[in-house]
4 protein chains.
Amino acid sequence: MRKIRFLTAGESHGPALMVILEGIPAGLSLTKAEIDRDLSRRQQGFGRGGRMVIEKDEVEILSGLRRGLTLGTPVGLLVRNRDWENWKEVMAAEPGGPEAKPVTTPRPGHADLSGALKFGFQDIRNVIERASARETAARVAAAAVVKKLLLTFGIDLYSRVVQIGTVCDHSELHPPEGCEVIENSQLRCLSEAAEAKMVDLINQARENGDTLGGVFEVKSTGLPVGLGTYTQWDIRLDGLLAQALMSIPGVKGVEIGEGFRLASLFGSGAHDEIFHGPEKGFYRKTNLAGGL
Amino acid sequence: MRKIRFLTAGESHGPALMVILEGIPAGLSLTKAEIDRDLSRRQQGFGRGGRMVIEKDEVEILSGLRRGLTLGTPVGLLVRNRDWENWKEVMAAEPGGPEAKPVTTPRPGHADLSGALKFGFQDIRNVIERASARETAARVAAAAVVKKLLLTFGIDLYSRVVQIGTVCDHSELHPPEGCEVIENSQLRCLSEAAEAKMVDLINQARENGDTLGGVFEVKSTGLPVGLGTYTQWDIRLDGLLAQALMSIPGVKGVEIGEGFRLASLFGSGAHDEIFHGPEKGFYRKTNLAGGL
Amino acid sequence: MRKIRFLTAGESHGPALMVILEGIPAGLSLTKAEIDRDLSRRQQGFGRGGRMVIEKDEVEILSGLRRGLTLGTPVGLLVRNRDWENWKEVMAAEPGGPEAKPVTTPRPGHADLSGALKFGFQDIRNVIERASARETAARVAAAAVVKKLLLTFGIDLYSRVVQIGTVCDHSELHPPEGCEVIENSQLRCLSEAAEAKMVDLINQARENGDTLGGVFEVKSTGLPVGLGTYTQWDIRLDGLLAQALMSIPGVKGVEIGEGFRLASLFGSGAHDEIFHGPEKGFYRKTNLAGGL
Amino acid sequence: MRKIRFLTAGESHGPALMVILEGIPAGLSLTKAEIDRDLSRRQQGFGRGGRMVIEKDEVEILSGLRRGLTLGTPVGLLVRNRDWENWKEVMAAEPGGPEAKPVTTPRPGHADLSGALKFGFQDIRNVIERASARETAARVAAAAVVKKLLLTFGIDLYSRVVQIGTVCDHSELHPPEGCEVIENSQLRCLSEAAEAKMVDLINQARENGDTLGGVFEVKSTGLPVGLGTYTQWDIRLDGLLAQALMSIPGVKGVEIGEGFRLASLFGSGAHDEIFHGPEKGFYRKTNLAGGL
């Protein structure tokens with residue numbers, strides 16, 4: 001199997017988001033509904049902005065799939081922006097048309113100011129349109145295909161919210177146990193008690209016209225031993241995972257296993273002791289290092 | 001300016017071809033008409049197959065362009081396959097539907113047999129659809145954008161047919177002289193005499209139900225001295241050009257400058273002597289090495 | 001300027017570490033002493049293991065530099081392992097020789113077990129030799145060259161230890177202020193008080209045959225506005241920095257700016273407000289987002 | 001198995017050439033002698049320049065190999081320049097020392113002039129040193145390792161000279177038949193008659209202080225059906241082979257199969273008809289397309 005690559009394109013209020021996914025082998029069973037399910041999961045969540053109500057993302061599969069099976073060719077996906085109808089003039093590709101009112105106030109915590117200074121834009125909209133979390137819809141569509149591929153190897157992925165503002169969910173996730181609870185939770189939480197407190201905090205922030213940060217956890221099961229490599233710096237799995245996660249707009253920190261908490265421990269308490277049993281083979285009782 | 005990358009997607013009888021072009025700087029003036037012009041040039045030519053009559057390619061610019069100027073973001077392009085209407089069932093992405101009649105006879109000179117054996121396909125259509133010259137329409141669309149960018153640096157590209165079967169056009173091209181002749185020639189030839197003989201040969205082949213090969217020449221003007229590098233094997237310009245050209249379906253040879261003809265010469269006759277004049281600076285009177 | 005790439009090679013007890021650094025422009029002033037200075041900084045530090053005493057790393061510049069100026073060609077560097085003399089037999093490249101005693105006990109917190117299972121090694125030494133922090137010496141040598149290049153653009157880098165075990169240094173670093181203190185500190189600390197407590201903790205761990213984790217901070221000055229890009233996921237600067245840092249053996253978490261602390265804040269307190277003054281132009285009074 | 005990458009470094013009269021080869025799997029049997037054999041083959045040949053007499057290339061294996069087996073880690077190789085002793089001052093990495101006499105006459109057919117203009121060098125030696133065929137010694141060393149890996153899959157490579165100046169060797173090579181003749185030929189020729197004429201021509205050129213060009217052929221046996229791909233332009237095998245060959249200094253043309261000769265044929269004579277037999281499975285009687 002060769003390396004899987006993908007590029008995304010698309011402005012937030014342009015006609016559509018695109019993604020080309022290269023390297024998916026032939027013969028993988030896949031349907032539009034499977035991709036739509038993940039696009040829909042992305043849009044759920046208590047307290048999301050108004051844009052989420054406007055867009056009900058659906059994928060158009062333009063290539064790479066025939067009769068429910070991948071062809072081994074590039075998978076080309078399109079996610080139309082429903083809001084496009086209202087932006088056809090402002091975001092028109094062609095020159096001409098009435099002048100659009102420019103955005104001139106850069107938002108903090110965004111690429112607005114530095115993007116406008118970098119490219120010499122008078123209209124910050126030129127930055128906003130791509131430096132937008134909406135771009136992640138294209139990544140989600142691509143990831144839905146890759147997740148399906150991983151499933152054929154018995155590899156599954158789970159994620160949940162573990163912190164919103166000062167409220168932490170200290171429960172431990174042992175997938176697939178509890179995963180249904182998470183899927184049905186409006187905040188993708190495992191602990192109902194923590195979720196209730198998070199909802200309160202979000203309501204409070206909303207009343208004050210404020211927003212909140214948070215932390216999410218991603219776990220994987222079924223990974224083969226020896227995935228990844230220590231042989232060259234730029235193909236180490238820990239680095240590649242950190243890149244993928246940190247490149248999500250708004251993400252400011254990535255930890256593997258216990259991450260920064262390990263910094264305050266002695267080595268004797270920070271390592272996952274190796275055991276061996278006749279049936280289990282090698283195993284560990286703890287997972288402080290995140291399996292890497 | 002960062003490296004320009006692109007990926008294409010799309011089956012020959014699927015809904016559309018796609019291309020994502022990454023790395024075009026912001027502020028480049030560009031219109032749909034400029035891309036369509038190159039798509040149309042690709043479809044012209046005496047003696048082309050019937051498919052060319054069906055498809056009148058037009059681009060849809062889905063991202064990267066606003067009000068006639070690039071945004072510095074990925075340029076996402078779509079070229080719809082007009083024939084799609086007739087293939088909606090056979091090439092459907094979703095499973096189900098009446099069984100399509102499989103293609104079972106591999107054509108020589110194509111990837112049909114090796115592709116089917118590689119992926120274990122029962123239906124050679126799964127190979128044909130991507131191992132098709134139609135894929136180059138997506139490359140042409142991307143190249144139209146890059147050509148516009150090169151033009152802002154005064155760099156222009158010219159191409160013409162110099163051989164069809166045994167008929168050679170031995171005229172020399174000194175662009176931009178003669179380029180209008182080429183654009184108006186139905187075979188993209190500079191010499192009218194050669195063109196007439198080529199047309200005769202094509203008609204003869206057509207009568208016999210046969211096809212013909214040929215040779216084309218690409219020239220560039222306005223390139224800065226020192227483009228390319230000798231420092232590392234995989235970024236040498238000669239290698240990158242050879243890769244780009246050889247990767248076009250049907251191309252079986254690439255020469256730079258006089259290419260293989262140089263093999264039969266003595267070094268004294270094969271090199272481009274360097275001259276220097278007060279006004280011209282350094283110059284050469286010959287271009288056997290193709291400027292590299 | 002083109003993309004800078006590098007590959008490292010070398011086992012921990014093999015003859016040498018190597019690095020090839022591709023893309024450094026011509027004309028950069030550079031000396032062996034400048035690289036050796038950084039190699040030496042890597043080896044300092046209170047409480048380091050015994051290996052650090054054996055190896056006094058020195059670089060051999062094998063290519064890319066002539067008469068103190070880079071040539072624009074690949075910079076090839078060698079760092080010999082002084083310990084090689086004692087390992088010539090055990091680590092010989094050639095077959096034959098007396099059997100070496102294999103390492104069979106995998107250490108927790110290392111790639112030992114998964115590496116051995118992955119490659120089917122009987123001797124864990126085959127893993128240990130490359131999955132070793134010693135590999136970073138090659139990275140440090142390459143980075144010394146790149147740092148010199150960045151300096152010509154007025155860009156400088158600073159780093160310090162801010163936590164060892166449970167002891168944190170809460171002081172703020174405003175480079176270049178305080179940087180001399182850090183360089184002269186045996187733990188690369190800014191606060192002398194914090195350093196004293198860290199030394200105590202390290203001594204305590206050592207007495208117990210234990211080890212300690214920690215946290216370091218890297219800051220940069222002189223960066224131009226608009227460095228990095230939001231246009232494509234895989235070239236975003238935040239992701240690339242996270243990859244580079246997480247790929248260092250032993251690093252389990254990466255934060256940009258205030259990182260995970262931002263998760264517990266309201267948006268109103270987590271953003272760096274943008275100001276503008278007649279002399280300063282745009283500026284911010286805080287740097288919670290780490291400048292990205 | 002992951003993608004194999006390599007970078008080379010080294011000036012022609014510097015201390016050494018280096019190569020780091022990344023992606024060779026663990027457990028491949030390999031010896032220094034096997035690499036040296038290919039380095040030696042590169043240096044043979046009737047009528048080679050004087051440099052070939054000075055340099056008797058030998059590899060130093062600095063990493064990636066232990067006790068005759070690869071470790072799965074980067075293979076780091078060094079080929080020392082024996083001539084370095086005479087160039088220690090002129091090519092010193094450190095600044096200072098007596099001024100070296102600069103090279104100021106650019107040779108035609110080399111990167112001398114464009115390289116000097118590109119980088120603003122006063123001394124053309126700065127270009128000559130890397131834009132030199134000597135760089136290919138590092139590629140040969142890397143290729144010797146990869147050839148050994150291919151052999152474990154039953155894939156072998158053969159090459160020979162088929163033209164020097166106007167003298168062509170029209171014999172056909174069906175490896176491994178005749179390969180011993182080639183290895184023992186001073187010009188790496190299959191036909192003794194052609195070789196004799198080539199030697200005459202070389203002697204004639206030498207008497208006139210002139211040089212000659214030529215053409216070589218590379219063949220491979222044991223390749224699996226379906227190697228390569230038609231799915232994306234930049235990973236097509238034909239393009240990658242063309243890049244690798246065209247990036248060799250002095251190579252000005254690359255053909256696959258019959259290459260440019262196909263241009264003058266009708267399609268009916270230019271394709272390799274597909275046959276199928278009960279024992280052979282699918283086969284072809286001709287190989288005009290070069291197997292791609």
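A, B, ... follow the sequence lines: proteins, then strands. Residue 1 opens every chain. Small disclaimer: the values here were computed from a predicted structure and weren't measured. Just the heavy atoms: all of them, side chains too, but no hydrogens, waters or symmetry mates, feed the values below.
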List for me each residue that meets salt bridge (Lys or Arg N to Asp or Glu O under 4.0 Å) alongside E255(B), sequence neighbours excluded, and say none if there are none. none

So, do [X] and [Y] sit near enough that their side-chain heavy atoms are less than 4.5 Å apart?
X       : Y       : answer
K118(D) : V225(B) : no
I155(B) : S220(B) : yes
V254(B) : L241(B) : no
R206(D) : N203(D) : yes
V145(B) : L77(B)  : yes

Give the table of side-chain donor-acceptor pairs shorter than 3.5 Å for residues 273-286 of chain D, with sequence neighbours excluded, one pair per line with atom names and distance.
residue	atom	partner	partner atom	Å
R284(D)	NE	D272(D)	O	3.4
T286(D)	OG1	D272(D)	OD1	2.8

Toward chain B, the part of [X] with a non-hydrogen atom under 4.5 Å:
X       : answer
Q204(D) : side chain
L212(D) : both
P224(D) : neither
R139(D) : side chain

With chain B as the partner, which of [options] has the greatest number of non-hydrogen pairs under 4.5 Å?
options                            : result
A138(D), A9(D), P249(D), A116(D)   : P249(D)
P106(D), A270(D), A131(D)          : A131(D)
S264(D), G115(D), S114(D), A289(D) : S264(D)
N208(D), V251(D), V127(D)          : V127(D)
G269(D), G209(D), G259(D)          : G259(D)
I256(D), L237(D), L288(D), L265(D) : I256(D)

Counting heavy-atom pairs under 4.5 Å to chain D, which of [options] comes out on top?
options                   : answer
A205(B), G239(B), G213(B) : G239(B)
Q243(B), E258(B), E135(B) : Q243(B)
G109(B), G290(B), S268(B) : S268(B)

Heavy-atom count around K219(D) NZ within 6.0 Å, excluding the residue itself: above 12? yes

For the pair I128(B) and H13(B), evaluate side-chain contact (heavy atoms from CB on, under 4.5 Å) and give the outcome as yes or no after the intermediate values. CA-CA 10 Å; I128(B) 291 174; H13(B) 297 91; 5.8 Å; no

Region of L7(B) that comes under 4.5 Å of a non-hydrogen atom in chain D: both

What residues, two or more places apart in sequence or in another chain, satisfy side-chain hydrogen bond (donor to acceptor under 3.5 Å, both in side chains) together with T136(B)? R42(B)

Quick one: which residues of residues 161-170 of chain D reach chain B at under 4.5 angstrom, heavy atoms only? Q163(D), I164(D), G165(D), T166(D)

Measure the acute angle between the ring planes of H110(B) and H271(D), then classify it against the limits of 30° and 60° as parallel, tilted or perpendicular. tilted

Using a strict threshold of under 4.0 Å (side-chain N to carboxylate O), is an ion pair present between R125(B) and D123(B)? no

If only side-chain N and O atoms count, and only distance matters, is there a donor-acceptor pair under 3.5 Å linking T8(B) with R130(B)? yes

